[in-house]
Chemist: 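Encoded as structure tokens, here's the structure I'll be asking about.
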Amino acid sequence: MRICLVASEAVPLAKTGGLADVVGALTFHLTRAGHDARLILPFYSGIEAPAGGLAPVEQVQEVELEMGARVLRFSLLRWAGEDDRQTIYLLDCPELYHRDSIYSADPDEPLRFAFLCRAALESCQRLEWSPQVFHCHDWHAALLPVYLAASGRSWPLLGASRTLLTLHNIAYQGVFEEKWLDSMGLGGGTGFPAEASYASGYVNLLAAGIATADLLSTVSPTYAEEIQTPELGMGLDGILQRRRRELFGILNGVDYDIWDPRVDPLIPFNYTPTDLSGKAKNKSALLSDLGLPLAPDLPLAGVVTRLVEQKGLDLLVDVLPRALEQKKLHLVALGSGEERYVRFLRSLELRFPQAARYRNGYDEELAHRIEAASDLFLMPSHFEPCGLNQMYSLRYGTPPLVRATGGLADSVQPFDAPTGSGTGFVFESFTPEAFSAVFDQALETWSNRATWHRLIANGMAKDFSWKTQVGEYEVLYRFLATTGALSM
Ligand code: ADP
């Protein structure tokens, strides 16, 4: 099949979070499965010419596109991927994409990503390539279905193309002042859906995509249900309920070429489920590198996360200081984000210099080392569309402690000591008491080595590889390609 993926980030070129992991892996695995899958991504100034180099795409050079009153010029470059078999197109428009970071707080942020959508359509037409499916990701690509529906005639080759919009996290919706519609070429009743325009004078780009795309998906079955409720729908529950028959939940896959302790080049000692000696050495090495005392009888808890409220950090604020005071564990945390959480983690390090370490920033290698060295991974998210770290943790023999929400509920089964079944520790209600209870259960289980090894073995045997997950997307693509749009 011919599938055009459109997104704001993808590994290995541009990443701020899990979205990049998913888009990069999906493109790679679709190509590996024999599809003509091509990804279109902005050419941010931070992207360094990757191995293999970038080649200008002849048919798409110095193209002028009218966006409201402005004319913007862009060119396309192609990167063939690390395996020389992929196609990632980088959309070069310095005026929009040469900024300090992938996302900006600049006033023209909506224009930057509206342009990505329109230029993606224009590029396919000029390449004389007609994807059967445009697979759009998050609000940054949510206007593509809108443009296609509103002005499909501009791109005659794309008349039969259908759209799938994947919602990776509906907390980010792309809400901007209505005045931006004109500069996006969508003003004056030219097809922007009324239900995505609010009386307050704002427009919601994600809602526009949800209203218009042929099919919708999100990144776990449980999250697909949760976002239809007022509690987790973030104001979109009504429109998502209306479209529930076209909404599917597909759990993200894990790239085990990158995240597997058997082969991971970023950890000092590789290990396997049958020989965990390397895991113990990784723990000693990390503790020693971070200046923490070696205490094999104390479990090491790991945290790797964006520091935002969604991740349940308030529960850590409530529970961790006492646990550290009682010398129940060691803690290593990595993450950047909101200042209040940075301050909290710094304060732990200052208060408990013999037990806690915090690194502020983004550090791929340290993230791998924490997964490999820790005994327990803490992820008590308030909500979690899918979450990747809990799945990485399972593979690294680091049982995750999670709240039963979204993809965490779909990927971690509560451990039951009497039967020896389950892969981690799971609590339901978002309260310090519920978190504490399961945290204590985890520490108690840790003290019984045989039981703990059973738990580790259960988790390491789980397989969330992309091979399976790609198959679920293929079902949706095939449906779109053969049946066309579902009746709405
Ligand atoms: P989200 O996309 O909401 O941030 P996910 O669990 O889906 O959460 O994905 C997070 C990804 O980003 C993982 O690959 C994780 O290892 C990585 N990550 C998050 N924060 C950091 C950090 N400070 N340093 C390195 N990697 C990080």
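Note that ligands are numbered from 1 as they come in the structure, with each ligand's atoms numbered from 1 the same way. It should be emphasised that the depicted structure is a prediction, and the values quoted were computed from it without experimental measurement.
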Chemist: Which ligand 1 atoms, with their elements, are less than 4.0 angstrom from a heavy-atom of R306?
Modeler: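 Going through ligand 1 atom by atom, the ones under 4.0 Å from R306 are 1 (P), 3 (O), 4 (O), 20 (N).
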Chemist: In terms of side-chain heavy atoms, does T398 have a donor or acceptor partner in E371 at a distance below 3.5 Å?
Modeler: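 There is no such pair between these side chains.
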Chemist: Within the 3.5 Å criterion, strictly below it, is a donor on Y362 or E364 matched to an acceptor on the partner's side chain?
Modeler: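 Side-chain D/A pair, Y362 to E364: present.
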Chemist: Any nitrogen or oxygen of Q310 lying under 3.5 Å from a nitrogen or oxygen in ligand 1? Just yes or no.
Modeler: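 Not met; the criterion fails.
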Chemist: Between E338 and K311, does at least one N-O distance fall below 4.0 Å, as a salt bridge requires?
Modeler: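 K311 and E338: not salt-bridged.
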Chemist: Would you say R99 and S45 are linked by a side-chain donor-acceptor pair, where the criterion is simply a distance under 3.5 Å?
Modeler: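 The answer is no; no qualifying pair exists.
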Chemist: Is there a nitrogen or oxygen of N169 sitting under 3.5 Å from a nitrogen or oxygen of ligand 1?
Modeler: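 Checking ligand 1 against N169, no N or O pair falls under 3.5 Å apart.
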Chemist: To check your reading of the model: name the closest protein heavy atom to atom 24 (N) of ligand 1, its residue, and the distance in Å.
Modeler: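 Here the closest protein heavy atom is D363 N, 3.0 Å.
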Chemist: At under 4.0 Å between heavy atoms, is it the side chain or the backbone of K15 that contacts ligand 1, or both, or neither?
Modeler: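 Just the side chain.
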Chemist: Please identify which atoms of ligand 1 are closer than 4.0 Å to at least one heavy atom of G335.
Modeler: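 Answer, ordered by atom number: 23 (N).
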Chemist: For ligand 1, find out whether one of its N or O atoms is nearer than 3.5 Å to an N or O atom of N389.
Modeler: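 Indeed, backbone or side chain, N389 has an N or O that close.
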Chemist: Evaluate ring-ring contact (aromatic ring centres under 6.0 Å, His included) for F435 paired with F427, printing each intermediate quantity in order.
Modeler: CA-CA 6 Å; F435 177 56; F427 66 102; 5.5 Å; yes
Chemist: Answer with yes or no whether the side chains of K283 and S374 bring together a donor and an acceptor at under 3.5 Å.
Modeler: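 There is no such pair between these side chains.
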Chemist: So is H168 close enough to ligand 1, meaning a heavy atom under 4.0 angstrom away?
Modeler: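 Heavy atoms of H168 never come under 4.0 Å of ligand 1.
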Chemist: Please report which non-hydrogen protein atom sits nearest to atom 10 (C) of ligand 1, along with the residue it belongs to and the distance in Å to one decimal place.
Modeler: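 Here the nearest protein heavy atom works out to G18 N, 3.8 Å.
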Chemist: Quick check: closest heavy atoms across H330 and Q354, and the distance to 0.1 Å?
Modeler: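 In terms of heavy atoms, the two residues are closest at NE2-O, 3.3 Å.
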Chemist: What protein heavy atom sits nearest atom 5 (P) of ligand 1, and how far away is it?
Modeler: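 Checking every protein heavy atom, the shortest distance to atom 5 (P) of ligand 1 gives L388 N, 3.6 Å.
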Chemist: So which protein heavy atom does atom 14 (O) of ligand 1 come closest to, and at what separation?
Modeler: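 Looking at atom 14 (O) of ligand 1, the protein heavy atom closest to it is D21 OD2, 2.9 Å.
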Chemist: For Y477 and H135, I'd like to know if the aromatic rings sit close, meaning centre-to-centre distance below 6.0 Å.
Modeler: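 Yes: the rings meet the under 6.0 Å criterion.
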Chemist: Report the nearest protein non-hydrogen atom to atom 23 (N) of ligand 1: residue, atom name, distance rounded to 0.1 Å.
Modeler: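 Of the protein heavy atoms, G361 O, 2.7 Å lies nearest.
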Chemist: Distance to 0.1 Å, residue and atom name: give those for the protein heavy atom nearest to atom 18 (N) of ligand 1.
Modeler: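 Ranked first by proximity to atom 18 (N) of ligand 1 is Y362 CE1, 3.8 Å.
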